[in-house]
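Hydrogens, waters and symmetry mates play no part in the numbers below; they use all other heavy atoms, side chains included. All figures in this text were calculated on a predicted structure; none of them were measured in a lab.
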Amino acid sequence: VVGGGQAESIGANAVLPGQVVLDLGVHASVTSGEVRLVGDVRYDEVLARARLVTPVPGGVGPVRDAVLLANVWKAAAAPAGGGQSLPLFD
């Protein structure tokens, strides 16, 4: 899991062969006047060594959204002042 906070800072030398890499970083990168989103991992370089690398954009965003929605549901369903949440998400 990579969430270092610096664009394209992780290369293939930081990854063992066959690893699965989850890139959580999202950064705007400007190259030749073109803006594109990149992660903390140098995607093409790491993908040559890893088994799987989540792309940026589009990799972990749907998972983040699902977890956020589950947490909102739990908070809305919990009794005021605390207590038990719905067993659906426990």
Side-chain angles (χ1 to χ4, degrees):
V1 177
V2 180
Q6 189 173 9
E8 298 183 318
S9 60
I10 304 297
N13 61 337
V15 177
L16 295 174
Q19 275 188 317
V20 174
V21 179
L22 301 175
D23 190 351
L24 305 179
V26 178
H27 311 276
S29 176
V30 180
T31 307
S32 302
E34 181 181 330
V35 178
R36 63 187 182 97
L37 291 178
V38 297
D40 291 343
V41 171
R42 292 191 293 270
Y43 182 81
D44 292 331
E45 178 184 325
V46 171
L47 185 58
R49 188 164 190 179
R51 182 171 50 143
L52 174 73
V53 181
T54 56
V56 174
V60 296
V63 174
R64 178 204 58 222
D65 295 347
V67 171
L68 177 62
L69 181 59
N71 286 335
V72 168
W73 179 265
K74 285 168 71 171
Q84 296 293 326
S85 62
L86 290 177
L88 177 63
F89 295 108
D90 286 342

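- Grouped with Leu37 in one hydrophobic cluster are Val26, Val56, the linkage being side-chain heavy-atom contacts under 4.5 Å among Ile, Leu, Val, Met, Phe, Trp and Tyr residues.
- Applying the salt bridge (charged side-chain N to carboxylate O under 4.0 Å, His left out) test to residues at least two apart or on different chains, none of the pairs has a partner in residues 47-62.
- Other cluster members for Ile10: Val2, Val15, Val21, Val41, Tyr43, Val46, Leu47, Val53, joined by side-chain heavy-atom distances under 4.5 Å among Ile, Leu, Val, Met, Phe, Trp and Tyr.
- Pairs engaging residues 13-35 under the salt bridge (charged side-chain N to carboxylate O under 4.0 Å, His left out) rule: none recorded [sequence neighbours left out].
- In this structure, Leu52 CG and Gln19 CD are separated by 11.5 Å, a value rounded to the nearest 0.5 Å.
- Apart from Leu68 itself, the hydrophobic cluster it occupies contains Val72, where clustering links Ile, Leu, Val, Met, Phe, Trp and Tyr at side-chain heavy-atom distances under 4.5 Å.
- Every side-chain hydrogen bond (donor to acceptor under 3.5 Å, both in side chains) that Glu45 has, sequence neighbours left out, goes to Arg42.
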| said: One pair to check against side chain to side chain contact (heavy atoms under 4.5 Å, CB included): Leu24 and Asp40. What are the steps and the verdict? | reply: CA-CA 7 Å; Leu24 305 179; Asp40 291 343; 5.9 Å; no
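- Clustering of Ile, Leu, Val, Met, Phe, Trp and Tyr side chains at separations under 4.5 Å places Val35 together with Val30.
- With sequence neighbours left out, Arg36 forms a salt bridge (Lys or Arg N to Asp or Glu O under 4.0 Å) with Glu8.
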